Amino acid sequence: MTSPEFLIPDSLASASRVPEPPKPDSLSPASSCPYLASDFTSRRLDLDPVYARLRDEQPVSRVTMPHGGDAWLVTRYDDVRAALADPRLSRAATVGKDVPRSSPLIQHPESLLSMDPPEHTRLRRLAAKAFSVRQVEAVRPRVQAIVDGLVDALEETGSPADLAGGLAWPMGITVICETFGVPEEDRAAFRAWTDTMMALTVADPTGIQAARAELDAYLRDLIARRIADPGDDLLSRLVTARDGRDRLTEAELAIFAVDLLTAGHETTANQTGNFLYTLLSRPALWDSLVEEPALVPGAVEELLRVTPLATSVAPFSRIAVEDLEIGGALVRAGDAVVAQNDSANRDGTVFERPEEIDFTRAVNPHLAFGHGAHHCPAAPLARLELRTAVATLVRRLPGLRLAVPVDEVVWQSNRVMRGVKELPVNQEGRPWKACRCRR
């Protein structure tokens with residue numbers, strides 16, 4: 001338990017607390033998703049207040065999803081964690097079916113996210129050899145060099161600079177593409193494909209399907225080249241990864257490549273911008289890191305806890321393959337279940353002062369990367385990027401401030417994930433180039 005004397009000082013109190021919106025008059029478990037990008041208020045990273053009431057009064061409730069009908073919505077930490085690890089709740093059972101879900105598309109069969117053990121376990125075991133701590137540590141110098149180069153460019157641009165377009169997005173796509181060995185000349189096309197695939201709603205789903213088909217075809221060709229001539233990139237390590245006599249097939253390699261390339265840059269890029277928005281919209285939080293840079297690792301974990309990423313109730317549904325009980329509710333075989341990780345991360349029975357942003361939180365078992373079989377395999381790389389981006393800006397541009405009022409920050413719309421579209425900043429009190437120091 002964190003001792004009071006090690007909390008963020010009282011002077012940061014107003015900045016470090018996550019604002020609590022007014023409580024609604026009544027719960028509406030049959031309503032559609034409480035958060036859509038088009039419905040964002042000026043507090044674009046707040047959780048809908050209904051989640052807090054559900055945790056207290058109706059922790060497992062019925063909710064109407066944007067597509068496919070009703071599901072069970074799970075909101076308490078212990079229940080969410082249990083649901084994510086329960087083999088009776090299947091992701092594979094969603095494949096090819098019009099199940100309750102957030103996305104307009106039916107679940108694609110060729111995805112790690114649509115697999116259950118033992119098939120999923122086998123693929124994760126092979127992939128773990130390419131995503132070891134040693135492998136991630138090996139790319140640390142390159143990640144730092146990429147971030148330094150982008151900050152150099154921001155300094156050349158001067159005020160106002162855009163941390164979304166100038167840092168968050170190019171860092172995310174450069175790191176993941178270099179990690180996988182995607183040539184620089186192909187990255188614009190790759191970004192266009194994944195951008196199309198991340199739409200929350202579309203008039204014509206064939207556009208998303210076409211983007212996925214083009215990305216699949218591109219990656220099949222890239223995989224064939226790595227099989228013929230392996231390099232030292234992650235895709236080559238996946239090509240050569242073995243567990244005894246077992247190895248990934250070309251089809252399985254394509255599954256990994258699509259999932260990790262897409263999620264690897266979209267999630268990290270959005271959360272980098274979101275974290276910087278939170279820090280700079282509450283200057284006392286930013287200044288606390290400037291004054292004590294050693295807090296950055298803890299700050300990243302705390303920001304992972306309090307920053308919701310999905311714009312919907314939950315990005316993925318699971319189907320009960322037999323009757324079971326979750327949080328006192330009877331879930332019948334065939335029912336859909338959605339676990340609300342962001343709500344779980346605000347559960348006061350697990351997190352002391354859950355609505356407060358505390359960079360010195362000693363115990364922080366957040367579920368930002370999921371839990372169980374589908375825990376994000378690229379979490380170590382994401383942490384490395386997020387810590388590097390924040391630490392580098394704190395060190396090199398300590399006087400950063402938003403260049404526009406908080407409510408004028410532009411956000412992306414109609415996206416699966418929340419994220420700033422533009423984050424204009426100024427450097428307060430000193431010229432940009434005066435801070436050009438990489439030590």
Side-chain angles (χ1 to χ4, degrees), residues 47 51 54-55 59-60 63 71-94 101-102 107 111-125 127-128 131-133 136 256 259-260 263-264 266-268 270-271 298 300-310 312-321 324-329 331 335-352 354 361-384 386 416-417:
L47 277 184
Y51 291 132
L54 287 174
R55 286 196 302 272
V60 181
V63 61
W72 290 101
L73 173 63
V74 185
T75 54
R76 285 182 183 167
Y77 182 94
D78 288 343
D79 297 332
V80 167
R81 197 170 187 273
L84 293 176
D86 196 321
R88 296 170 295 178
L89 295 174
S90 170
R91 286 288 300 135
T94 67
R101 64 196 186 281
S102 296
Q107 177 62 53
S111 170
L112 275 175
L113 299 172
S114 63
M115 293 182 179
D116 293 334
E119 293 82 5
H120 182 273
T121 306
R122 171 181 163 270
L123 294 189
R124 281 290 296 257
R125 185 175 61 246
F131 265 113
S132 66
V133 173
V136 172
F256 261 111
D259 287 349
L260 296 178
E266 284 279 346
T267 55
T268 304
N270 279 305
Q271 286 295 62
V300 166
E301 295 307 308
E302 183 72 337
L303 291 168
L304 283 166
R305 181 185 74 85
V306 302
T307 307
L309 181 60
S312 60
V313 165
F316 307 114
S317 303
R318 289 168 167 79
I319 303 299
V321 296
L324 69 150
E325 183 179 304
I326 303 176
V331 177
D335 284 355
V337 174
V338 291
Q340 227 303 325
N341 297 20
D342 298 318
S343 174
N345 286 339
R346 303 287 182 88
D347 191 330
T349 66
V350 176
F351 302 97
E352 186 179 1
R361 193 177 295 276
V363 179
N364 196 348
H366 63 74
L367 301 176
F369 291 114
H371 176 67
H374 289 281
H375 181 272
C376 176
L381 181 60
R383 281 189 166 99
L384 172 60
L386 291 166
V416 171
M417 302 177 193

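Not measured: the values here are computed from a predicted model.
Here CG of Asp86 is found 10.0 Å from CZ of Arg318. Values are rounded to the nearest 0.5 Å. Distance check: Phe316 CZ to Asn341 CG gives 10.0 Å after rounding to the nearest 0.5 Å. A distance of 5.5 Å separates OG1 of Thr307 from CD of Gln271, quoted to the nearest 0.5 Å. Of the inter-residue distances, the one linking Asp347 atom CG with Gln340 atom CD reads 12.0 Å to the nearest 0.5 angstrom.
When all heavy atoms of Ala93 and Ile319 are compared, the closest pair comes out as CB-CB, 3.7 Å. Nearest heavy atoms, Val321 versus Pro87: CG2-O, 4.4 Å. The two atoms that bring Thr121 and Pro117 nearest to each other are OG1-CB, 3.3 Å, heavy atoms only. The minimum heavy-atom distance linking Ala83 with Leu89 is given by the pair O-CD1, 3.6 Å. Closest heavy-atom contact between Ala368 and Asn345: N-ND2, 3.8 Å.
The shortest side-chain heavy-atom distance between Arg346 and Leu47 falls under the 4.5 Å cut-off. Counting heavy atoms from C-beta outward, Ser343 and Val80 have side chains that stay 4.5 Å or more apart. At a threshold of 4.5 Å between non-hydrogen side-chain atoms, the residues Met417 and Thr267 count as touching.
Looking only at distances, no side-chain donor or acceptor of Arg81 sits under 3.5 Å from a matching main-chain atom of His371. Remark: the backbone N or O of Phe351 is not paired with any side-chain donor or acceptor of Tyr77 at under 3.5 angstrom. Of the possible donor and acceptor atoms, one in the side chain of His374 sits under 3.5 Å from a partner among the backbone N and O of Met115.
Applying the side chain to side chain donor-acceptor pair (under 3.5 Å) criterion to Glu302, with sequence neighbours excluded, gives Arg305, Arg361, Asn364. Under the side-chain contact (heavy atoms from CB on, under 4.5 Å) criterion, Phe369 pairs with Leu304, His366, His375, Cys376, Ala379, Ala382, Arg383, sequence neighbours left out. Looking at residues two or more places apart in sequence or on another chain, you find a side-chain contact (heavy atoms from CB on, under 4.5 Å) between Asp79 and Pro59, Val60, Val74, Arg76, Ile326.
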Give the C-alpha distance, both sets of side-chain angles, the deciding distance and a yes or no for side-chain contact (heavy atoms from CB on, under 4.5 Å) between Asp342 and Tyr51.
CA-CA 9 Å; Asp342 298 318; Tyr51 291 132; over 6 Å; no

